[in-house]
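Down below is the structure, laid out as structure tokens.
Lettering follows sequence order; numbering is per chain, from 1.
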Protein chains: 2
Amino acid sequence: MRRADAEQPAQSGAEESAVTLEMVAREAGVSPSTVSRILNGTARVRDTKVRAVRAAIAKLQFMPNNAARTLAGGRSMSIGVVTQAIDSPFYGEALAAIEKGLLRSNYSALFVSGHWRESDERKCIDHLVSRRVDGIILVTSCLPDAELQRLSRTVPLILTGRQVEGERIQCLDADSTPGARLATDYLIGQGHKRIACIGGPVNHPDAEQRLDGYKAALSAARLAYAKQLVVAGDYSDAGGYAAMNRLLDTGAQFTAVFAANDQMAYGAMLALHRRGLVVPRDVSVVGFDDLPTSSFTIPPLTTVHRGIAEVGESAAEAMIELVEGRSPRVRLGGATLAVRESTRPLR
Amino acid sequence: MRRADAEQPAQSGAEESAVTLEMVAREAGVSPSTVSRILNGTARVRDTKVRAVRAAIAKLQFMPNNAARTLAGGRSMSIGVVTQAIDSPFYGEALAAIEKGLLRSNYSALFVSGHWRESDERKCIDHLVSRRVDGIILVTSCLPDAELQRLSRTVPLILTGRQVEGERIQCLDADSTPGARLATDYLIGQGHKRIACIGGPVNHPDAEQRLDGYKAALSAARLAYAKQLVVAGDYSDAGGYAAMNRLLDTGAQFTAVFAANDQMAYGAMLALHRRGLVVPRDVSVVGFDDLPTSSFTIPPLTTVHRGIAEVGESAAEAMIELVEGRSPRVRLGGATLAVRESTRPLR
DNA sequence: GTGGAATTTGAAACCGCTTTCAAATTAGCC
DNA sequence: GGCTAATTTGAAAGCGGTTTCAAATTCCAC
């Protein structure tokens, strides 16, 4: 082999030939095993050697090859994170939190998005599996329970937004029902009796919970559930806008709206604005999620706060516990209502 | 061989022992090299064997071990993507686009965020390098030119938002000056003469471009540049809110504002609203970036559209060209103005 | 049918690190 | 000091692929 060439510092457009652990070992006058042990802290090593190795590492600017580590060690030190749309503010916040939660450990995150499509999500997950991630965090999943259970035999799972049984599945209990209940109760407490609801996509577990909370609040207050006051959206601004327009077009009477997420609330508020209706004077609006932007809408949005960031961070921490073999114990705070300026007492 | 054992589906909480290429080879009655060749298309293989191997792969549900591939092949088939904050809507959109652009290839993205801090960004990049990414896309970077040039010797770079010379550095020319000029020109064309500006973080190349565009428009229209009409923000909603309050507190007179990004425009609009000023009746507001939400603010925001998504996708495609050894040729469309309802002619 | 070129194949080396196992060293104790 | 026990160390065998190189086939023209 042209080792002579290799000794030359790489110039030109060519890639610098990487420093290997073996080169470090040679430089420090020890065996590769010793270097590895120092790197991983897997065994005691005489102090003089530790120092020599550290010096060699610094001198050569050694950076362990992750692929080799993964292959030899059987662990990739990376966690797959599945979301549905990386560009939604909701997932953005969750991802940032997961990134933060993983930070203190040596694990790093691999983000992929399923776009609310089973096939896409499946492909993403295959991808993660072939990359041998040590665990997968699913921030909402479109796949059926059985499939997740099967997957959990290959790799441990953390799941938010849904409850699925399984030895190696840890669910962060994030039932949305109480949050939706809280929001609706608040409106009722403010004297509203005709409360519309812009729901999430039908057949989506989380969306159903939010609708259930709304219904529960109504029935607890002995208010009739009026089907014509409920319209489905798709969790997007545009969807909320369209939903509100449909609602308005039917001529239904209401003094308040509960939107199943903040983005739809934004859209709904714009639709109201376009019709000359002022929030909260004419209609009170409550959202769900408390996105960072919700403090800056006009008017600032009253919304259910559940600490997306907190959930994300907990998920990350739980995942670390899980892959390190401990059993995580997660307790999440409940939902609270961030009361801002999009609601008012009825009189 | 305990083939009998191997046939049992894996049970219990134990991880399923992964299927290896060698098992596929045995099952198909060929050598591992042949399987590899079929997998990668690196050589012709007799058709009967191809079929046998495909069948074996399907039967065993073989999924190549990515770490082994990376180690042996020297390519990780992954691209590092550096942003500053994964939870900002701007980066969210960019990341989604990059993900999309990479989709058709076999490369996948590794997202990391630098949080506008040099040290964080440096750490992220080291991380990517140790994971042997085949290329790095920097959607804005805080590091000095020289450091990027040094980095480019290790791995090819794609850089947006800044121009840095280098053999293996490809810059997507995304000079913000013309966009800012466009926005300010529009306000001037609408008859505004006293135009305030909420700038980005000082010392940030991109922010400076946006300020330059603003100044250029003023001077082209022979309008005086008034220092008291310019305040610095930090590209966040809260920053825009605070900046507008400072502006208002000084008692400066203005009929329009150019905010260096949409999020600051949101904050500014809220600050105006709180003081009883109506947009656009009392003050016209123009933003920059055209975030998806900007169509749904109240009022919908007039803003500079530069196709973040387009930039992201181009970056991804250029990166593929680059790592495949071709030389990318990217031409981006210029900035346009999305005229909505936050501006009005002065009279 | 035969020789030689072209095409397919498999054996084996290697990618860079971890880890086992046994040898070498050091420590502890009588 | 001598002997055993405890601690450090290095050699070598993988991890699961890719790739080189030469052997084995197949092809083709004569």
Side-chain angles (χ1 to χ4, degrees), chain A residues 1-3 6 15-53 56-57 60-78 106 129-134 154, chain B residues 15-53 56-57 60-78 106 129-134 154:
Chain A
M1 238 177 306
R2 321 123 303 137
R3 178 154 309 261
E15 201 164 320
E16 274 177 16
S17 64
V19 179
T20 70
L21 177 144
E22 200 192 328
M23 292 161 73
V24 171
R26 216 188 332 262
E27 169 81 26
V30 301
S31 78
S33 344
T34 301
V35 178
S36 170
R37 283 192 269 256
I38 292 173
L39 243 41
N40 301 296
T42 40
R44 284 211 56 72
V45 171
R46 197 165 308 284
D47 208 50
T48 61
K49 306 211 171 187
V50 173
R51 260 194 293 277
V53 169
I57 289 178
L60 301 178
Q61 300 219 56
F62 170 64
M63 225 174 243
N65 179 322
N66 200 69
R69 281 187 127 167
T70 300
L71 183 57
R75 306 188 318 163
S76 65
M77 299 306 283
S78 61
N106 283 313
V129 170
S130 115
R131 280 196 133 68
R132 297 296 191 273
V133 294
D134 298 324
T154 304
Chain B
E15 203 165 318
E16 274 177 15
S17 63
V19 179
T20 70
L21 175 143
E22 201 191 329
M23 293 160 74
V24 171
R26 211 179 346 252
E27 170 80 27
V30 301
S31 77
S33 343
T34 301
V35 179
S36 170
R37 284 193 268 256
I38 292 174
L39 243 41
N40 302 296
T42 40
R44 285 211 53 71
V45 170
R46 199 164 305 284
D47 207 49
T48 60
K49 306 212 172 187
V50 174
R51 261 193 293 276
V53 169
I57 288 177
L60 301 178
Q61 300 218 55
F62 171 65
M63 223 174 245
N65 179 322
N66 200 69
R69 283 188 123 167
T70 300
L71 183 56
R75 304 190 318 161
S76 64
M77 298 307 283
S78 60
N106 282 312
V129 170
S130 112
R131 280 194 132 70
R132 296 298 189 273
V133 293
D134 298 326
T154 304

Sequence neighbours excluded, the answer for side chain to side chain contact (heavy atoms under 4.5 Å, CB included) partners of T34(A) is V30(A), S31(A), R37(A), I38(A), V45(A)
Provide the full list of salt bridge (Lys or Arg N to Asp or Glu O under 4.0 Å) pairs with a residue in residues 60-71 of chain A, sequence neighbours left out, each pair given once. none
Which nucleotides of nucleotides 16-22 of chain C have their base under 4.0 Å from a protein heavy atom (B), which only their sugar-phosphate (S), and which neither (-), written as one string 5' to 3'? BBSBB--
For the pair made of CD1 in I38(B) and C1' in dT18(D), what is the distance, rounded to whole Å? 14 Å
Between atom CE in M77(B) and atom P in dG17(D), what is the gap in whole Å? 16 Å
Side chain to side chain contact (heavy atoms under 4.5 Å, CB included) against A56(A), all qualifying residues, sequence neighbours excluded: V24(A), E27(A), A28(A)
Heavy-atom nearest pair, F62(A) first then L39(A), reads CE2-CD2, 3.6 Å
Under 4.0 Å from any atom of DNA chain D, heavy atoms only: list the residues of residues 44-51 of chain B that qualify, in numerical order. R46(B)
If you round to the nearest 0.5 Å, how far is CG of N106(A) from CE of M77(A)? 5.0 Å
Sequence-distant partners of R51(B), salt bridge (charged side-chain N to carboxylate O under 4.0 Å, His left out), two or more places apart: D47(B)
In chain order, what residues pass the side-chain hydrogen bond (donor to acceptor under 3.5 Å, both in side chains) check against T20(B), with sequence neighbours excluded? none
Residues in side chain to side chain contact (heavy atoms under 4.5 Å, CB included) with N66(B), at least two apart? S130(A), R131(A), T70(B)
Taking five pairs at each terminus, the helix from dG1(C)-dC30(D) to dC30(C)-dG1(D) shows an axis bend, to 10°, of 30°
May I ask you to test the N65(B)-R132(A) pair for a side-chain heavy-atom distance under 4.5 Å? yes
Salt bridge (charged side-chain N to carboxylate O under 4.0 Å, His left out) filter on R46(A), not counting sequence neighbours, yields none
